[in-house]
Amino acid sequence: MRNFILEIGVEELPAWPLLKELNNISKKWEDILNEYRIGSNFTFYYTPRRLVFLHEDMPTKQSSYEEELFGPPVGAAFKDGLPTPAATGFAKKCGVEVTDLERAEKKGKEVLFFKKQIVGKAIDTFFGELVDRYIKSLKFGKHMRWGSLEDDFIRPIKWIACILNDRVINFTTYNIQSSDATYPHRNYSY
């Protein structure tokens with residue numbers, strides 16, 4: 001089991017904007033996980049001061065996949081048997097030599113083609129970007145800025161707890177460094 005928790009702690013969220021966006025919060029989280037190829041089942045919890053995502057089996061890296069790239073028509077890619085700038089440009093885009101390109105048919109035309117293996121990255125390498133994009137996708141209505149921060153959100157973000165098994169996934173977003181800390185309500189002291 002790869003237990004994972006992400007907790008975004010904020011100043012009190014206003015009830016009405018939170019309830020208006022509530023149905024989208026889980027869907028947007030699921031969408032961004034799938035976009036980054038780390039989709040997994042999760043449970044969403046919330047209070048006025050926190051948004052929490054709990055996963056019982058979070059992948060530790062993205063799934064790998066094959067990407068098919070289609071280039072220019074063969075007639076435009078070669079002139080007198082020599083590669084044209086269209087062919088060399090497509091090869092450069094694919095990160096290979098022109099001789100490594102294949103040919104395929106697309107929409108009734110013979111075109112240059114390359115199948116590229118994309119290896120999944122460890123989540124530590126991109127998770128900060130993912131969380132940043134997720135937070136920015138939430139639309140509670142009127143947002144605010146605080147301190148010298150240029151990014152905005154409905155209320156100031158106070159902490160981000162991001163833990164995979166027993167280790168912190170380190171990143172900084174909204175000037176907050178992720179950690180393994182969470183905080184109780186300010187009226188309670190422990």
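Only a predicted model underlies this, so the values are computations on that prediction, with no experimental measurement involved.
- Val168 and Ile5 fall into different hydrophobic clusters, where Ile, Leu, Val, Met, Phe, Trp and Tyr side chains are chained together by heavy-atom contacts under 4.5 Å.
- Proximity of a side-chain donor or acceptor of Asn165 to a complementary backbone N or O of Asn3 within less than 3.5 Å is detected.
- When atom types are taken as modelled, the side chain of Ser178 and the backbone of Cys162 share no donor-acceptor pair closer than 3.5 angstrom.
- Nearest heavy atom pair, residue Ile169 against residue Ile123, reads CD1-CD1, 3.4 Å.
- Minimum interatomic distance between Ser40 and His55 (heavy atoms only, all atoms of both residues): OG-ND1, 2.7 Å.
- The pair Lys115-Asp100 fails the salt-bridge criterion, with no side-chain N (NZ, NE, NH1 or NH2) lying under 4.0 Å from an Asp/Glu carboxylate O.
- No close placement of the Phe113 and Phe90 rings is indicated, their centers lying 6.0 Å or farther apart.
- At least one side-chain heavy atom of Glu129 sits less than 4.5 Å from a side-chain heavy atom of Tyr36.
- In this structure, Ile160 CD1 and Ile176 CD1 are separated by 6.5 Å, a value rounded to the nearest 0.5 Å.
- The environment of Glu67 atom CD is dense: over 12 non-hydrogen atoms of other residues, nucleotides or ligands sit within 6.0 angstrom.
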Practice prompt. Output, in order, the C-alpha distance, side-chain angles, deciding distance and verdict of side chain to side chain donor-acceptor pair (under 3.5 Å) for Arg37 and Ser64.
Written response: CA-CA 8 Å; Arg37 301 186 324 277; Ser64 299; over 6 Å; no
Item to complete: Could you walk me through whether Asp151 and Lys136 pass salt bridge (Lys or Arg N to Asp or Glu O under 4.0 Å), step by step?
Response: CA-CA 8 Å; Asp151 294 321; Lys136 289 176 181 169; 3.3 Å; yes
Fill in: Working for ring-ring contact (aromatic ring centres under 6.0 Å, His included), residues Phe140 and Phe153
CA-CA 8 Å; Phe140 291 103; Phe153 195 58; 5.6 Å; yes
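- Residues Glu56 and Phe4 are not in side-chain contact: their nearest non-hydrogen atoms beyond the backbone lie 4.5 Å or more apart.
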Item to complete: Could you check Glu110 against Glu105 for side chain to side chain contact (heavy atoms under 4.5 Å, CB included), going step by step and ending with a plain yes or no?
Response: CA-CA 4 Å; Glu110 187 179 27; Glu105 189 173 316; 5.9 Å; no
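- Cluster membership for Ile32 and Met58, using ILVMFWY side-chain heavy atoms within less than 4.5 angstrom, is shared.
- Remark: Glu35 engages Arg133 in a salt bridge, criterion side-chain N to carboxylate O under 4.0 Å.
- Residues Ser26 and Phe42 approach most closely at O-CZ, 3.5 Å, considering heavy atoms.
- The pair Glu12-Arg155 does not count as a salt bridge, with every side-chain nitrogen at least 4.0 angstrom from each carboxylate oxygen.
- Residues Arg49 and Trp159 meet the side-chain proximity criterion, which asks for heavy atoms closer than 4.5 Å.
- Leu69 contributes atom CG, which lies 11.0 Å from atom CD of Glu66 (distance to the nearest 0.5 angstrom).
- Connection of Ile154 to Leu138 is established within a shared hydrophobic cluster, with ILVMFWY side chains joined at heavy-atom distances below 4.5 Å, either directly or through further cluster members.
- For Trp29 and Phe44, the ring centers sit 6.0 Å or farther from each other.
- Each of Phe171, Phe126, Tyr174 was checked for a side chain to side chain contact (heavy atoms under 4.5 Å, CB included) with Val131, and the lone residue meeting it is Phe171.
- Criterion: ILVMFWY side-chain heavy atoms under 4.5 Å apart, direct or through other members. Under it, Leu22 and Leu6 are part of a common hydrophobic cluster.
- Under the 3.5 Å distance criterion, the side-chain polar atoms of Thr84 are matched with a main-chain donor or acceptor of Ala77.
- In this structure, the side chains of Val98 and Thr88 come closer than 4.5 Å at one or more pairs of heavy atoms.
- Taking NZ from Lys158 and OG1 from Thr182, the interatomic distance works out to 14.5 Å, rounded to the nearest 0.5 Å.
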Worksheet entry | Residue pair Ile135, Asp132: steps toward the side chain to side chain contact (heavy atoms under 4.5 Å, CB included) verdict | CA-CA 5 Å; Ile135 292 171; Asp132 186 67; 5.9 Å; no
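- Of all the heavy atoms in Gly71 and Val111, the pair that sits closest is O-CB, 3.6 Å.
- Within 6.0 Å of CZ on Phe78 lie more than 12 heavy atoms contributed by other residues, nucleotides or ligands.
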Discussion item. Before you tell me yes or no, could you show the steps for Glu11 and Trp146 under side chain to side chain donor-acceptor pair (under 3.5 Å), namely the whole-Å CA-CA distance, both residues' side-chain angles and the distance that decides it to 0.1 Å?
Written reply: CA-CA 12 Å; Glu11 288 184 2; Trp146 58 95; over 6 Å; no
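- Judged purely by atom type and a 3.5 angstrom limit, Gln62 has no side-chain atom pairing as donor or acceptor with the backbone of Ile38.
- Side-chain contact between Ile8 and Ile157 is present, with heavy atoms from C-beta onward closer than 4.5 Å.
- A 4.5 Å side-chain heavy-atom check between Leu112 and Glu102 finds every atom pair outside the cut-off.
- Using a 4.5 Å heavy-atom cutoff, the side chains of Tyr46 and Leu18 are in contact.
- Between Tyr134 and Phe53, the distance from one ring center to the other falls under 6.0 angstrom.
- Formation of a donor-acceptor pair under 3.5 Å by the Glu21 side chain with backbone atoms of Lys139 is found in this model.
- Between the Thr47 side chain and the Arg50 main chain, a donor and an acceptor come within less than 3.5 Å of each other.
- Shown here is Glu97, whose CD atom has no more than 12 heavy atoms of other residues, nucleotides or ligands within 6.0 Å.
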